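Report on the following structure.
What you see is a predicted model, and the numbers here were worked out from it, not measured in a lab.
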Protein chains: 2
Amino acid sequence: MRPLKIPKPTVKRLAIYYRCLTKLKETGIDRTSSKEMADALGIKASQVRKDLSYFGEFGKRGVGYDVDKLSYKLKEILGLKKNWNVAIIGSGNLGYAIANYSGLEKNGFKVVAAFDIDEKKIGRMIIPGVTINKFSEMSSIINENSIEIAILTVPAHESQNVADALVKSGIKGILNFTPSSLSVPENISVEDVDFVISLKSLTFEIASFNDNE
Amino acid sequence: MRPLKIPKPTVKRLAIYYRCLTKLKETGIDRTSSKEMADALGIKASQVRKDLSYFGEFGKRGVGYDVDKLSYKLKEILGLKKNWNVAIIGSGNLGYAIANYSGLEKNGFKVVAAFDIDEKKIGRMIIPGVTINKFSEMSSIINENSIEIAILTVPAHESQNVADALVKSGIKGILNFTPSSLSVPENISVEDVDFVISLKSLTFEIASFNDNE
DNA sequence: ACTTTTTTGTGGTATAATTAACAATGTATA
DNA sequence: TATACATTGTTAATTATACCACAAAAAAGT
Ligand SMILES: NC(=O)c1ccc[n+]([C@@H]2O[C@H](COP(=O)([O-])OP(=O)(O)OC[C@H]3O[C@@H](n4cnc5c(N)ncnc54)[C@H](O)[C@@H]3O)[C@@H](O)[C@H]2O)c1
Ligand SMILES: NC(=O)c1ccc[n+]([C@@H]2O[C@H](COP(=O)([O-])OP(=O)(O)OC[C@H]3O[C@@H](n4cnc5c(N)ncnc54)[C@H](O)[C@@H]3O)[C@@H](O)[C@H]2O)c1
């Protein structure tokens, strides 16, 4: 039933379906359809069904999907039944904004540690209850707190060094905000978030739209 | 030579090549090859050449690419020969971090205005020289300052309303940080940046790796 | 009981993106 | 000047992703 490899775009959409279902639940709606979700997200209904079909049969023909049940299944598939402890590496502007983002806690991610090398920042609180630690203590703190995910917000020229240290500390995944492509062992997951690249896609589109008209 | 539609992944990579060339230039290297760039970025050399071939012939067979020349061409293609004025809509934590990010100015994006509805924030400076304005003044300020790009960092439930207002004000592109999919006219470009979705891709990978071993 | 309507799950097809292969072109050098 | 080597630009092959179409299943209507 479940193939070895799930397409990356499918995984991203599953997370989007999960968000969509959460919203439906909040609205008090307890049944939906591939069409309803697809329309809300601007995609095709067949895409929704195909994506879900990689993991099983969650709907009833002629009826649709039970919001609660499908939501639970996606939660399970995405690995969100447990809570994840995360650490902020690099407690600058971006690290601060992310640590204080309520969407993290709401989605089962808990910022339990933060690190920096700037002496002035060490000891300060990044969020209530979490003080910024020395970079040198990273390894032991990651282990003691079972931190599996690191949010990497250090300057670009430090990113590979820090990533190496994170891997040595036993981290499982890195959300990389730096504009460098990291080399890590293949059992470590990395997701890049690079909005300057997105900005430049935008200027490309705007500029080429102007060219064509 | 240039087809009507350039693949989206190609555009993203062009921006990455441009960054890569900038770094080479800083290192004092003035000639490169598709292989060198591909290796640095973890992709295939044929991909680099294919991507460039949509726009022309920029290299010399047997030799490679002149870093300066290719860099300039990509700058042109990506619409980066001009400087872009951008506005921050929603001057909260994320808006603040972005406005203060040095990478923007370095890449030709200038934050010239910021907006909020919170009375306490209005009049404060988000970056030196840019004070936070009332939301109601958005339209006129966008016009007076020829702002073509909006960085949208308002709460999710406001995003569509604000996007509509932005479109009415004549904005050309929106970098959307909110977790909502925006509806805009087709001549307006939107790029979504959604790192909670990236985080969940990460947990999917980590969780399914654990399942398989 | 039969028909109509709805909507799923899926196999096959179409489209898109990546990768490989190679002739064409340029450089280096013996 | 011939020969070996490097690297592009491009066509062809392969792989990945999205979309379509329809039988199967469930519910509602007659
Ligand atoms: N701020 C943004 O909006 C933004 C946007 C896109 C990308 N980024 C990237 O995110 C990263 C951080 O950006 P920022 O604006 O928060 O910068 P920042 O300078 O405000 O923060 C970086 C922090 O990392 C700390 N640091 C440096 N070396 C470290 C190390 N070895 N270990 C731990 N901490 C270390 C610094 O002391 C500083 O506090 C950069 O790579 C930047 O390119 C930022
Ligand atoms: N902070 C993060 O790391 C992060 C990460 C991912 C997504 N986001 C998204 O980015 C957005 C902003 O996040 P944040 O953490 O900065 O929140 P925030 O609450 O710190 O900032 C939001 C700001 O928008 C202002 N605002 C509200 N309505 C407005 C309106 N109509 N016009 C102008 N301003 C308005 C608020 O007064 C506030 O200052 C949210 O949609 C959030 O989901 C944030």
Requested in this report: List for me each residue that meets side-chain hydrogen bond (donor to acceptor under 3.5 Å, both in side chains) alongside A:D39, sequence neighbours excluded, and say none if there are none.
Outcome: A:K35
Report task. For B:F177, enumerate each residue passing the ring-ring contact (aromatic ring centres under 6.0 Å, His included) test, keeping only those at least two apart in sequence or located in another chain. Result -> A:F195
Report task. May I have all residue pairs that pass salt bridge (Lys or Arg N to Asp or Glu O under 4.0 Å) and include part of residues 179-189 of chain A, sequence neighbours excluded? Result -> none
Report summary line: To the nearest angstrom, the CD-P distance between A:E57 and C:dG11 comes to 11 Å
**Report entry** salt bridge (Lys or Arg N to Asp or Glu O under 4.0 Å) involving B:E205 - partner list, sequence neighbours excluded
**Finding:** A:K8
Report task. Report the distance from atom CZ of A:F58 to atom C1' of C:dT7, rounded to the nearest whole Å. Result -> 17 Å
Query raised in the report: Got a sec, which residues hit salt bridge (Lys or Arg N to Asp or Glu O under 4.0 Å) with B:K110, two or more places apart in sequence or on another chain?
Result: none
Query - Set of residues satisfying salt bridge (Lys or Arg N to Asp or Glu O under 4.0 Å) with respect to A:K25, sequence neighbours excluded - result: A:D68
Query - Under 4.0 Å protein heavy-atom contacts per nucleotide of nucleotides 17-24 of chain C, with B for base, S for backbone only and - for none - result: SSBBB-BB
Query - For DNA chain D, the residues among residues 22-42 of chain B that have a non-hydrogen atom under 4.0 Å from it - result: B:S33, B:S34
**Report entry** Spacing of A:Y65 atom OH relative to C:dT7 atom C1', expressed in whole Å
**Finding:** 8 Å
Report summary line: The complete set of side-chain hydrogen bond (donor to acceptor under 3.5 Å, both in side chains) pairs with one or both residues in residues 161-182 of chain B, sequence neighbours excluded, reads B:S139-B:S169, B:E148-B:K172, B:S159-B:S180, B:Q160-B:D164, B:N176-B:T178, B:N176-B:D192
Query raised in the report: Looking at five pairs on each end of the helix from C:dA1-D:dT30 to C:dA30-D:dT1, what is the angle between the two axes, given to 10 degrees?
Result: 0°
N/O donor to acceptor pairs below 3.5 angstrom from side-chain atoms of residues 43-52 of chain A, sequence neighbours left out:
residue: A:Q47; atom: NE2; partner: A:D51; partner atom: OD1; Å: 3.4
residue: A:R49; atom: NH1; partner: A:S34; partner atom: OG; Å: 3.1
residue: A:D51; atom: OD1; partner: A:T10; partner atom: OG1; Å: 2.9
residue: A:D51; atom: OD1; partner: A:R13; partner atom: NH2; Å: 3.1
residue: A:D51; atom: OD2; partner: A:R13; partner atom: NE; Å: 2.6
residue: A:D51; atom: OD2; partner: A:R13; partner atom: NH2; Å: 3.4
residue: A:D51; atom: OD2; partner: A:Y17; partner atom: OH; Å: 2.6

**Report entry** B:I132 backbone acceptor or donor facing B:S91 side chain under 3.5 Å
**Finding:** no
Query - Contacts of type side-chain hydrogen bond (donor to acceptor under 3.5 Å, both in side chains), residue A:D30, not counting sequence neighbours - result: none
